[in-house]
**Q** 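Right, I'll just put the structure down here and ask away after.
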Amino acid sequence: MEDVKRVFNDFDTNGDGKIDASELRSILLTLGTDASPKEIAGIMSEIDSDGDGFIDLNEFAKFHLASSGEDSKELRDAFDVYDRDKNGVISASELHYTLKSLGQKCTLRDCEKMISAVDVDGDGAVNFDEFKKMMNKKA
């Protein structure tokens, strides 16, 4: 749950304990996704289960748990955010770039260690199956 809370806090840029549509749009832009207002509204309504116009930590955690199923679209979308060159694997440099764009302080060496911790096949990168296993362990 700590990992989920950390990601939630990255999205909650003003620190008010909830994610609004503008914060969601901002983080998606940072990650290289220019979602339309209609797409943002769709994402918000999918996650905002109480309909108050905000995503709180509990809603975010429920969404995370639901999206950690086998080959869910959300899990694939999350993988694709990190796989910047779309070659089917996440390299240490791709992880480093994405985490830095989210404001995380980490070195390339830190990212290499993270990659090696889940790199089952030893190719120096994380493929979708390895990513899925990692996310399912955290759920």
Side-chain angles (χ1 to χ4, degrees):
M1 184 65 179
E2 282 303 310
D3 290 333
V4 173
K5 189 172 184 176
R6 192 173 320 115
V7 172
F8 177 84
N9 289 335
D10 287 341
F11 278 67
D12 178 22
T13 56
N14 67 4
D16 65 356
K18 52 192 174 188
I19 299 167
D20 63 26
S22 66
E23 288 171 315
L24 180 60
R25 185 172 195 285
S26 176
I27 199 75
L28 290 173
L29 282 171
T30 300
L31 295 171
T33 301
D34 188 11
S36 71
K38 184 178 180 180
E39 291 169 318
I40 296 292
I43 295 168
M44 288 293 294
S45 68
E46 182 178 341
I47 302 172
D48 177 22
S49 59
D50 66 7
D52 68 352
F54 300 96
I55 300 168
D56 63 30
L57 179 58
N58 288 334
E59 291 167 330
F60 189 80
K62 285 179 194 172
F63 175 76
H64 172 75
L65 288 173
S67 68
S68 62
E70 278 305 296
D71 284 319
S72 70
K73 180 182 180 333
E74 291 85 4
L75 192 58
R76 175 55 77 173
D77 290 346
F79 178 84
D80 289 345
V81 165
Y82 291 94
D83 182 16
R84 297 189 51 78
D85 63 8
K86 307 302 179 215
N87 69 345
V89 295
I90 301 168
S91 68
S93 61
E94 288 172 315
L95 178 62
H96 184 245
Y97 178 88
T98 303
L99 292 178
K100 286 193 63 99
S101 71
L102 289 169
Q104 299 290 317
K105 298 201 184 314
C106 61
T107 66
L108 182 58
R109 181 71 187 126
D110 294 333
C111 293
E112 289 168 349
K113 288 178 184 176
M114 287 184 243
I115 292 289
S116 67
V118 295
D119 178 20
V120 176
D121 63 13
D123 66 354
V126 174
N127 63 38
F128 184 68
D129 287 336
E130 293 165 333
F131 182 81
K132 185 170 48 175
K133 286 177 188 169
M134 174 194 70
M135 295 305 287
N136 285 334
K137 283 181 187 172
K138 291 182 178 181

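Residue numbers start at 1 and run along the sequence shown.
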**Q** To the nearest 0.5 angstrom, please state how far the CG atom of D129 sits from the CG atom of D121.
**A**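 Reported to 0.5 Å precision, the distance equals 9.5 Å.
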**Q** Does the side chain of R84 come within less than 4.5 Å of I90's, by heavy atoms?
**A**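 A side-chain contact is absent here, since even the closest heavy-atom pair is not under 4.5 Å.
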**Q** At their closest point, which heavy atom of M114 faces which heavy atom of L95, and how far apart are they?
**A**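 Closest approach of M114 to L95: CB-CD2, 3.9 Å.
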**Q** I need the I43 CD1 to I19 CD1 distance, nearest 0.5 Å.
**A**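 The CD1 atom of I43 sits 11.5 Å away from the CD1 atom of I19.
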**Q** Taking D77 for its side chain and V81 for its backbone only, find out whether a donor-acceptor pair lies under 3.5 Å.
**A**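 Flag not set: sc D77 to bb V81 has no pair under 3.5 Å.
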**Q** State the CG-NZ distance between L57 and K18, to the nearest 0.5 angstrom.
**A**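 The CG atom of L57 sits 13.5 Å away from the NZ atom of K18.
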**Q** Using the test ring-ring contact (aromatic ring centres under 6.0 Å, His included), find all partners of F8 that sit at least two apart in sequence or belong to another chain.
**A**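 F8 satisfies ring-ring contact (aromatic ring centres under 6.0 Å, His included) with F60 once adjacent residues are dropped.
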**Q** I need the minimum non-hydrogen distance between G42 and S45, along with the two atoms involved.
**A**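 That closest heavy-atom pairing would be O-OG, 3.0 Å.
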**Q** Look at the rings of F79 and F131 and say which category their plane angle falls in: under 30° parallel, 30 to 60° tilted, over 60° perpendicular.
**A**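 The arrangement is perpendicular - the two ring planes meet at more than 60°.
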**Q** Linking I/L/V/M/F/W/Y whenever any side-chain heavy atoms sit under 4.5 Å apart, do I115 and Y97 land together?
**A**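 Different hydrophobic clusters.
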**Q** Locate the shortest heavy-atom distance separating N87 from V89; write the atom from each residue and the value.
**A**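 That closest heavy-atom pairing would be OD1-O, 3.0 Å.
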**Q** Should E59 and K62 be marked as a salt bridge (charged side-chain N to carboxylate O under 4.0 Å, His left out) after you check the CA-CA gap, both sets of side-chain angles, and the distance that decides it?
**A** CA-CA 5 Å; E59 291 167 330; K62 285 179 194 172; over 6 Å; no
**Q** CD/Q104 to OG/S101 distance, rounded to the nearest 0.5 angstrom?
**A**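 Reported to 0.5 Å precision, the distance equals 9.5 Å.
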**Q** Working to the nearest 0.5 Å, report the span between CD1 of I55 and CG of D50.
**A**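 Rounded to the nearest 0.5 Å, the CD1-CG separation comes out at 10.5 Å.
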**Q** If I take atom OG1 from residue T13 and atom CG from residue D16, how far apart are they, to the nearest 0.5 angstrom?
**A**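 T13 atom OG1 to D16 atom CG measures 8.0 Å (nearest 0.5 Å).
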**Q** With sequence neighbours excluded, tell me which residues meet side chain to side chain contact (heavy atoms under 4.5 Å, CB included) with A21.
**A**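 Residues passing side chain to side chain contact (heavy atoms under 4.5 Å, CB included) with A21: I40, M44.
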**Q** Under a 3.5 Å cutoff, is there a donor and acceptor pairing between the side chains of T107 and D110?
**A**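 Side-chain D/A pair, T107 to D110: present.
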**Q** Between the side chains of K86 and D83, is the shortest nitrogen-to-carboxylate-oxygen separation below 4.0 Å, so that they form an ion pair?
**A**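 So D83 does not pair with K86 through a salt bridge.
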**Q** Taking side chain as C-beta onward, heavy atoms only, is F54 less than 4.5 Å from D48?
**A**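 In short, these two side chains do not touch, never coming nearer than 4.5 Å.
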**Q** In chain order, what residues pass the salt bridge (Lys or Arg N to Asp or Glu O under 4.0 Å) check against E94, with sequence neighbours excluded?
**A**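 With neighbours one apart ignored, the set is empty.
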**Q** Ignoring hydrogens and geometry, is there a side-chain-to-backbone donor-acceptor pair from S26 to E23 under 3.5 Å?
**A**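 No; judged by distance alone, with no hydrogens or angles, the pair does not exist.
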**Q** Looking only at heavy atoms, which two atoms of S116 and K113 are closest? And how far apart?
**A**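 Reported closest heavy-atom pair: OG-O, 3.0 Å.
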**Q** What's the shortest heavy-atom distance between D119 and A125, and which atoms?
**A**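 Smallest heavy-atom distance, with atoms named: OD1-O, 3.0 Å.
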**Q** What closest approach, in Å, do C111 and H96 show between heavy atoms, and which atom pair accounts for it?
**A**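 Closest approach of C111 to H96: SG-CA, 3.4 Å.
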